[in-house]
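Along the sequence shown, the residues carry numbers beginning at 1.
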Amino acid sequence: MGVAIRRAGASDRADAVGLLDEAFMADPVSSWLFPDEERRRSRHGALMAAFVDLAFAEGHVDIAEDGSAVALWWSVPAREAHEDAAEGAAQLRQAVDPDNERVEAIARLTSEVHPTDRPHQYLHMIAVRPEQQGEGLGTALVAPVLARCDRDGRHAYLEASNARSRELYLRLGFADLGTAFDLPDGPRMWPMWREPQSV
């Protein structure tokens, strides 16, 4: 690809939020979260900003040097159960769109399927400018982290929000974890897990 990938800093926040907002505006899950298009245009960016801030706080953000792609990674420790998941879901809803129950519902649902028994890297979101999708940017963005996972014997996890992205993750060594789940009256999501590959 020839695109330089670097760790994002605070000065990249606006660019990361804008790219995620643009790339996911028509995503099936975003459309389910905000079925009214006008509401989606006004509140979707706030949700993306909350996710970027969480990634800065609990993991890291990788960005293409030219601003064409961004990935949000969280470092997730092993723990006994889904600690504070309900509280976190309620806080997310309150911060993003207090009248929207779906924001809290999706946070709860994804938390329920998220593995807790082993530490792993969580690829929460990846976005590529719509006009540059299919050019290998997503792979270029994710590959360095997966290579570190392989070197360190660390697992990786994600939830694919559409069939196209699921195909990419299958090619990158992820496998379906359990069964896909459908959001209430909404689209399907695929929990996916990646074992470290031998290097």
Side-chain angles (χ1 to χ4, degrees), residues 6-64 66-76 82-114 121-133 137-138 141-142 145 157-162 164-165 181-191:
R6 63 175 172 82
R7 187 66 50 92
S11 63
D12 298 302
R13 181 182 182 275
D15 290 339
V17 171
L19 180 54
L20 286 161
D21 189 30
E22 178 186 16
F24 280 91
M25 185 65 70
D27 184 79
V29 173
S30 292
S31 297
W32 177 82
L33 280 168
F34 304 98
D36 178 78
E37 285 190 40
E38 186 175 325
R39 185 78 172 173
R40 192 178 328 141
R41 281 193 299 273
S42 69
R43 300 309 308 154
H44 188 261
L47 181 62
M48 298 301 108
F51 290 152
V52 168
D53 291 342
L54 281 168
F56 277 132
E58 299 184 23
H60 70 271
V61 177
D62 285 336
I63 192 165
D66 64 358
S68 59
V70 65
L72 310 184
W73 290 94
W74 300 357
S75 297
V76 179
H82 299 283
E83 302 160 358
D84 304 322
E87 182 181 348
Q91 289 173 346
L92 181 65
R93 173 183 174 184
Q94 192 61 37
V96 171
D97 196 1
D99 295 328
N100 189 343
E101 294 178 1
R102 290 183 174 190
V103 172
E104 185 172 347
I106 194 169
R108 287 177 185 260
L109 286 167
T110 54
S111 177
E112 287 171 7
V113 299
H114 196 136
Q121 290 295 312
Y122 175 33
L123 178 55
H124 183 234
M125 300 185 86
I126 183 170
V128 175
R129 277 195 191 124
E131 65 272 16
Q132 292 178 264
Q133 291 176 2
L137 286 166
L141 194 63
V142 173
V145 176
Y157 172 76
L158 58 84
E159 299 105 8
S161 63
N162 61 65
R164 181 178 177 189
S165 65
F181 66 95
D182 295 322
L183 297 172
D185 299 316
R188 177 159 293 178
M189 296 186 75
W190 292 266

Test Arg188 against every option in Asp182, Asn162, Val29, Leu183 by the side chain to side chain contact (heavy atoms under 4.5 Å, CB included) rule and name the one that passes. Asp182
Less than 4.5 Å apart, side chain to side chain, heavy atoms only: is that true for Phe51 and Met125? yes
For residues Trp190 and Ser161, determine if any side-chain heavy atom of one lies less than 4.5 Å from a side-chain heavy atom of the other. no
Nearest 0.5 Å please: distance from the [atom1] atom of [X] over to the [atom2] atom of [Y].
X: Ser42; Y: Glu37; atom1: OG; atom2: CD; answer: 12.0 Å
X: Ser111; Y: Ile106; atom1: OG; atom2: CD1; answer: 12.0 Å
X: Ser75; Y: Tyr122; atom1: OG; atom2: OH; answer: 13.0 Å
X: Asp21; Y: Leu47; atom1: CG; atom2: CG; answer: 9.5 Å
X: Leu20; Y: Asp27; atom1: CG; atom2: CG; answer: 11.0 Å

Do side-chain atoms of [X] reach the backbone of [Y] as a donor and acceptor pair under 3.5 angstrom?
X: Arg40; Y: Met25; result: yes
X: Trp32; Y: Pro184; result: yes
X: Arg129; Y: Ala69; result: no

Would you say Glu38 has more than 12 foreign heavy atoms packed within less than 6.0 Å of its CD? no
Evaluation steps, side chain to side chain contact (heavy atoms under 4.5 Å, CB included), between His114 and Glu159: CA-CA 9 Å; His114 196 136; Glu159 299 105 8; 4.1 Å; yes
Looking only at heavy atoms, what is the nearest atom pair of [X] and [Y], with distance?
X: Val128; Y: Leu19; result: C-CD1, 4.1 Å
X: Ser30; Y: His44; result: OG-NE2, 2.9 Å
X: Ile126; Y: Gly138; result: CD1-O, 3.6 Å
X: Arg43; Y: Ala95; result: NH2-O, 4.2 Å
X: Ala89; Y: Ala107; result: CB-CB, 3.6 Å
X: Ala23; Y: Pro130; result: CA-CG, 4.3 Å

Assess whether side chain to side chain contact (heavy atoms under 4.5 Å, CB included) is satisfied between Val142 and Leu123, documenting all intermediate values. CA-CA 9 Å; Val142 173; Leu123 178 55; 3.9 Å; yes
In residues 53-60, what donor-acceptor pairs under 3.5 Å come from side-chain atoms, sequence neighbours left out?
residue: Asp53; atom: OD1; partner: Arg13; partner atom: NE; Å: 2.7
residue: Asp53; atom: OD2; partner: Arg13; partner atom: NH2; Å: 3.0
residue: His60; atom: NE2; partner: Asp62; partner atom: OD2; Å: 3.3

Ring pair (Phe, Tyr, Trp, His ring centres under 6.0 Å) partners of Phe24, counting only residues at least two apart: none
Do Trp74 and Gln121 pass the side chain to side chain contact (heavy atoms under 4.5 Å, CB included) test, and can you show the C-alpha distance, the side-chain angles, and the key distance before you say yes or no? CA-CA 6 Å; Trp74 300 357; Gln121 290 295 312; over 6 Å; no
Salt-bridge test for Arg108 and Glu104: reply yes if a basic N is under 4.0 Å from a carboxylate O, no otherwise. yes
Short N-O contact, Arg6 and Asp12, less than 4.0 angstrom: yes
Report the C-alpha separation of Arg102 and Asp97 in whole Å, then their side-chain angles, then the decisive distance to 0.1 Å, and conclude whether the salt bridge (charged side-chain N to carboxylate O under 4.0 Å, His left out) test is met. CA-CA 9 Å; Arg102 290 183 174 190; Asp97 196 1; over 6 Å; no
When you look at Met189 and Thr110, which way does the side chain to side chain contact (heavy atoms under 4.5 Å, CB included) test go after all the steps? CA-CA 9 Å; Met189 296 186 75; Thr110 54; 4.3 Å; yes
